[in-house]
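Lettering follows sequence order; numbering is per chain, from 1.
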Protein chains: 4
Amino acid sequence: MVTQSGKPVPDAARRSEKSRRAIYEAALALVAEAGYPKTTIEGIAARAGVGKQTIYRWWGSKADVLLEAFLDLSEQAAEAAGQVPYAIPDTGDLAADLKAVLRATVDELLDPRFEAPSRALAAEGLVNEQLAREFVAKLLEPQLQLYVDRLRSAQDAGDVRADVDPRIALELFVSPLAQRWLQHTGPISYEYTDTVVDYALHGLAPRS
Amino acid sequence: MVTQSGKPVPDAARRSEKSRRAIYEAALALVAEAGYPKTTIEGIAARAGVGKQTIYRWWGSKADVLLEAFLDLSEQAAEAAGQVPYAIPDTGDLAADLKAVLRATVDELLDPRFEAPSRALAAEGLVNEQLAREFVAKLLEPQLQLYVDRLRSAQDAGDVRADVDPRIALELFVSPLAQRWLQHTGPISYEYTDTVVDYALHGLAPRS
Amino acid sequence: MVTQSGKPVPDAARRSEKSRRAIYEAALALVAEAGYPKTTIEGIAARAGVGKQTIYRWWGSKADVLLEAFLDLSEQAAEAAGQVPYAIPDTGDLAADLKAVLRATVDELLDPRFEAPSRALAAEGLVNEQLAREFVAKLLEPQLQLYVDRLRSAQDAGDVRADVDPRIALELFVSPLAQRWLQHTGPISYEYTDTVVDYALHGLAPRS
Amino acid sequence: MVTQSGKPVPDAARRSEKSRRAIYEAALALVAEAGYPKTTIEGIAARAGVGKQTIYRWWGSKADVLLEAFLDLSEQAAEAAGQVPYAIPDTGDLAADLKAVLRATVDELLDPRFEAPSRALAAEGLVNEQLAREFVAKLLEPQLQLYVDRLRSAQDAGDVRADVDPRIALELFVSPLAQRWLQHTGPISYEYTDTVVDYALHGLAPRS
DNA sequence: CCCTAATCGAGACGGTACGTCCTGTCTTGTC
DNA sequence: GACAAGACAGGACGTACCGTCTCGATTAGGG
């Protein structure tokens with residue numbers, strides 16, 4: 001079978017699982033060690049002990065490789081932590097729950113295993129909208145959906161105003177952290193995220 | 001004269017102004033037309049009618065060139081709009097002032113002349129911390145400082161709680177917009193920024 | 001069964017005749033259409049509707065394939081012309097007989113069906129002595145032997161000096177034609193070969 | 001300036017003589033050591049300590065490189081032997097002069113420095129007519145012209161029939177040697193070339 | 001106002017990586 | 001067990017840029 005692009009579609013059933021895993025590991029290792037711009041397809045192939053064509057057969061670019069490798073890594077990490085299926089805890093104390101989750105996010109953002117590849121993917125996504133859409137759809141949006149769910153529950157409990165749109169509301173505590181991390185606009189810490197949660201829940205204006 | 005690095009320091013007094021302008025224009029045009037990754041130093045030099053060495057003499061990388069070109073562009077645009085010195089309006093109505101400023105920001109983020117280079121610089125900054133620091137110091141932080149000033153004024157007027165840290169508070173309405181734009185996590189519009197301002201000022205929790 | 005080389009010896013009895021013929025035809029067609037260097041094993045396999053391994057199983061290189069294909073072609077052509085067994089005519093007029101045979105050779109050298117593969121094999125033979133030996137033994141030497149026979153007969157008839165070595169003598173009229181064709185050192189025509197035969201039989205020096 | 005092909009014409013005045021020499025040497029060495037098919041442009045570039053682009057800038061293929069390298073080698077060898085300008089000796093004894101020259105040719109054909117590249121070029125020429133024309137025009141034809149001159153002189157002296165075409169006549173002694181060497185159809189030796197000269201000058205038919 | 005030294009346009013250079021093509025081997029499933 | 005199909009590790013292809021370098025030809029500023 002051949003697609004419109006003229007490229008033959010490779011037979012996924014005969015794909016080498018060993019090569020795929022080796023490519024994931026090589027890509028993540030190189031991005032962590034040398035940085036994304038110095039990570040090359042040739043370098044990944046060499047480190048994985050794989051022909052370049054094996055990469056080009058299954059992926060369209062190094063960004064695609066890294067995205068899949070990172071998704072795989074995230075999945076493995078989630079499984080290892082027994083977090084599948086995952087949800088934001090619901091102890092009844094919304095502020096405490098959000099603070100806990102954001103503290104975990106801070107930990108992850110500072111984990112060097114995750115930092116290099118996710119920065120790289122974010123950077124690529126800035127300039128490559130196609131990749132960004134996939135990144136958001138497969139990784140970011142599912143996570144944000146958890147906040148939506150928790151906020152809905154909080155609305156049911158009367159802890160959040162009913163007229164608030166949870167999809168927008170969640171950005172009040174998630175985006176500040178994201179921007180500080182992405183753009184180096186400030187340090188990130190537990191204290192910082194706790195403060196953001198407090199401001200977001202109760203607003204800046206004084207109580208009347 | 002020669003620095004410790006061994007590189008001779010070029011004599012800025014004899015620098016060709018014409019070449020510099022041509023390089024700025026070429027860099028911005030190429031980033032807009034072909035995208036940042038396909039913009040090359042050779043391409044900039046060719047388009048500017050300039051030798052490659054003239055670029056390497058004055059800048060260290062294509063990111064440096066683009067950063068300067070973009071700073072220059074921003075300056076020109078600000079001058080043209082008579083916005084120097086600039087401040088957030090202070091009508092006494094904090095919510096209205098913030099909404100107005102954010103609407104202007106939405107306009108700018110959607111202006112194609114600005115979008116391509118600023119996305120490119122943001123992307124480079126994700127992976128190149130040195131550049132990010134410069135980008136933040138020269139462009140982002142001065143803008144954020146305006147919010148700090150306006151919030152301080154609001155605190156004096158009693159429109160914002162005195163115990164709120166303005167540098168963190170501003171992120172409640174700035175970062176959501178930034179993240180949506182940077183990561184394509186959602187559409188950006190006047191309605192959206194207005195909503196964010198309302199949520200941020202009054203919080204998500206119901207008034208007691 | 002397995003040889004010392006470790007390669008299993010394929011069972012010739014189970015060989016697919018259809019595939020072999022298809023490979024011959026594909027190889028000859030590709031060499032004629034695209035030229036020898038652009039003819040690849042993959043291309044032959046694809047055109048023949050055959051797996052690559054089927055070629056590697058029975059031949060050692062594309063030169064081997066082409067040699068066999070060409071031998072097959074020559075055999076078929078000879079059979080079609082009813083020229084088996086073949087000999088140089090012996091009308092008693094040596095000069096006339098040689099001229100006739102060389103005119104036939106000129107025709108063959110200019111036949112496009114033969115030109116491309118035989119040039120290719122000759123070229124390969126220049127650099128690959130093993131193939132050259134096989135090419136000479138299976139194709140060239142048998143043809144040259146016909147000249148030896150005819151010259152021996154001429155010696156018996158007193159038309160050629162008895163002390164002449166026929167194996168060397170034949171090269172006087174065969175080699176000039178061969179070189180002109182191989183190296184493009186001059187045009188080849190009936191007139192040319194006739195002249196060469198005259199010169200060779202009677203020498204360049206004036207009769208004393 | 002740009003040619004019809006669209007390729008910019010490089011500025012020959014700024015060409016690196018050192019690189020050119022290094023490329024010649026690398027090409028000749030690799031052809032001699034590894035053989036023509038295993039000689040690659042990458043290999044030549046690496047051995048010469050040169051970028052690939054420097055080869056592609058000045059030559060169109062490895063055959064072009066080798067042709068120039070071989071022409072250069074031949075020129076140097078001729079200069080070293082004080083053979084410029086060169087001519088076939090004219091002692092008045094045509095047979096002796098021809099035998100002497102052909103013995104020198106035998107020596108050269110067996111000289112390993114010359115054998116590998118000239119075989120390679122001859123092989124390439126078989127399949128690449130463009131290269132063959134250049135090879136013939138620059139190397140072969142000038143040499144053959146020397147035979148034409150010597151034969152003309154012999155005709156003046158009455159040692160060769162006046163109605164003989166020297167351009168064809170020379171092939172009687174040159175081509176047999178060429179074919180034996182090119183196609184491995186027989187051994188080459190002084191005795192062999194001497195015999196060929198005798199046959200060619202006096203013919204195969206008995207004197208009447 | 002000229003002289004001289006630095007900048008300039010141009011582009012060749014040694015390299016590195018690109019994405020493609022082919023090699024020769026190996027594996028899978030069909031006949 | 002030979003076959004069609006094609007994935008695989010490997011390696012060369014020819015191209016595009018990198019950052020350095022070397023050329024004249026301006027082009028300013030200090031003498």
Side-chain angles (χ1 to χ4, degrees), chain A residues 7-16 18-19 22 38-43 45-46 48-58 60-62, chain B residues 7-16 18-19 22 38-46 48-58 60-62, chain C residues 7-8 10-16 18-19 38-43 45-46 48-58 60-62, chain D residues 7-16 18-19 22 37-43 45-46 48-58 60-62:
Chain A
K7 280 189 188 175
V9 169
D11 180 352
R14 308 186 55 181
R15 184 167 183 180
S16 163
K18 203 173 76 176
S19 294
K38 290 196 178 176
T39 297
T40 66
I41 300 249
E42 285 201 343
V50 138
K52 284 202 291 179
Q53 198 57 48
T54 298
I55 298 184
Y56 285 111
R57 184 155 30 234
W58 302 108
S61 65
K62 72 170 172 177
Chain B
K7 280 190 189 176
V9 169
D11 179 351
R14 310 191 55 171
R15 183 168 184 181
S16 161
K18 200 174 76 177
S19 293
K38 289 194 178 175
T39 297
T40 65
I41 299 254
E42 286 203 340
I44 296 171
V50 138
K52 288 202 298 179
Q53 198 55 47
T54 298
I55 297 183
Y56 284 110
R57 188 159 22 235
W58 302 107
S61 66
K62 73 170 171 176
Chain C
K7 279 190 189 176
D11 180 352
R14 309 191 56 170
R15 182 168 185 182
S16 162
K18 200 174 76 178
S19 293
K38 291 195 177 175
T39 297
T40 65
I41 300 252
E42 284 202 341
V50 139
K52 287 200 301 178
Q53 197 55 45
T54 299
I55 297 182
Y56 284 110
R57 186 159 24 236
W58 301 108
S61 66
K62 75 170 171 176
Chain D
K7 282 188 189 177
V9 170
D11 180 350
R14 308 184 57 180
R15 186 168 182 180
S16 161
K18 202 173 77 175
S19 294
K38 291 196 177 175
T39 297
T40 65
I41 299 246
E42 285 203 340
V50 138
K52 285 203 291 180
Q53 199 56 48
T54 298
I55 297 184
Y56 285 110
R57 182 152 34 229
W58 302 108
S61 66
K62 74 171 171 175

Original post:
Between E/dA6 and B/W58, is there an OP1 or OP2 to side-chain N/O distance shorter than 4.0 Å?
Top reply: no
**OP:** Take the protein atom CD of D/E42 and the nucleotide atom C1' of E/dG15, then report the distance between them rounded to whole Å.
**Re:** 12 Å
Original post:
What string of B, S and - do you get for nucleotides 24-31 of chain F 5' to 3' if you count protein non-hydrogen atoms under 4.0 Å?
Top reply: ---BBS--
Subject >> Distance test, side-chain N/O of A/S19 to OP1/OP2 of F/dA9, below 4.0 Å >> reply: yes
**OP:** Map A/P10 and C/G49 onto DNA chain F by nearest heavy atom, then report which one ends up closer to the 5' terminus.
**Re:** C/G49
**OP:** Quick one: list whatever passes side-chain hydrogen bond (donor to acceptor under 3.5 Å, both in side chains) with B/S61, sequence neighbours left out.
**Re:** none
Original post:
Atom CG of B/D11 and atom P of E/dC8: how far apart are they, to the nearest Å?
Top reply: 10 Å
Subject >> Atom pair distance, as rounded to whole Å: NZ in C/K38 and P in E/dT20 >> reply: 18 Å
**OP:** Return the value, rounded to whole Å, for the distance between atom CD1 of B/I55 and atom P of F/dC17.
**Re:** 13 Å
**OP:** Look up atom CG in D/D11 and atom CZ in D/R57, then write down how far apart they are to the nearest 0.5 Å.
**Re:** 11.0 Å
Original post:
At their closest point, which heavy atom of D/W58 faces which heavy atom of D/A12, and how far apart are they?
Top reply: CH2-CA, 3.7 Å
Subject >> Non-neighbouring partners of B/K62 that pass salt bridge (charged side-chain N to carboxylate O under 4.0 Å, His left out), sequence neighbours left out >> reply: none
Original post:
So what does A/G43 touch, heavy atoms closer than 4.0 Å: a base, only the sugar-phosphate, or nothing?
Top reply: nothing
**OP:** Return no unless some side-chain N or O of C/R57 is found under 4.0 Å from OP1 or OP2 of F/dA2.
**Re:** no
**OP:** With sequence neighbours left out, write down each residue that passes side-chain hydrogen bond (donor to acceptor under 3.5 Å, both in side chains) with B/S19, or none if nothing qualifies.
**Re:** B/S16
Subject >> Contacts of C/A48 that satisfy side chain to side chain contact (heavy atoms under 4.5 Å, CB included) - sequence neighbours left out >> reply: C/A22, C/I23, C/A26, C/V50
**OP:** In whole angstrom, give the distance that lies between atom CD1 of B/I41 and atom P of E/dG11.
**Re:** 18 Å
**OP:** Just jot down the side-chain hydrogen bond (donor to acceptor under 3.5 Å, both in side chains) partners of B/E42, sequence neighbours excluded, or say none.
**Re:** B/K52
Subject >> Upstream residue (5' side of DNA chain F) when D/K52 and C/R15 are each assigned their closest nucleotide >> reply: C/R15
Subject >> Phosphate OP1/OP2 of E/dG14 contacted by D/T54 side-chain N/O (<4.0 Å) >> reply: yes
**OP:** Would you mind reading off the distance between B/Y56 atom OH and F/dG19 atom C1', rounded to a whole angstrom?
**Re:** 5 Å
**OP:** Assign each of D/A45 and C/G60 to its nearest nucleotide of DNA chain E by heavy atoms, then name whichever residue's nucleotide is nearer the 5' end.
**Re:** D/A45
Original post:
Less than 3.5 Å between a donor and an acceptor, one on the side chain of A/Q53 and one on the base of E/dC21, is that the case here?
Top reply: yes
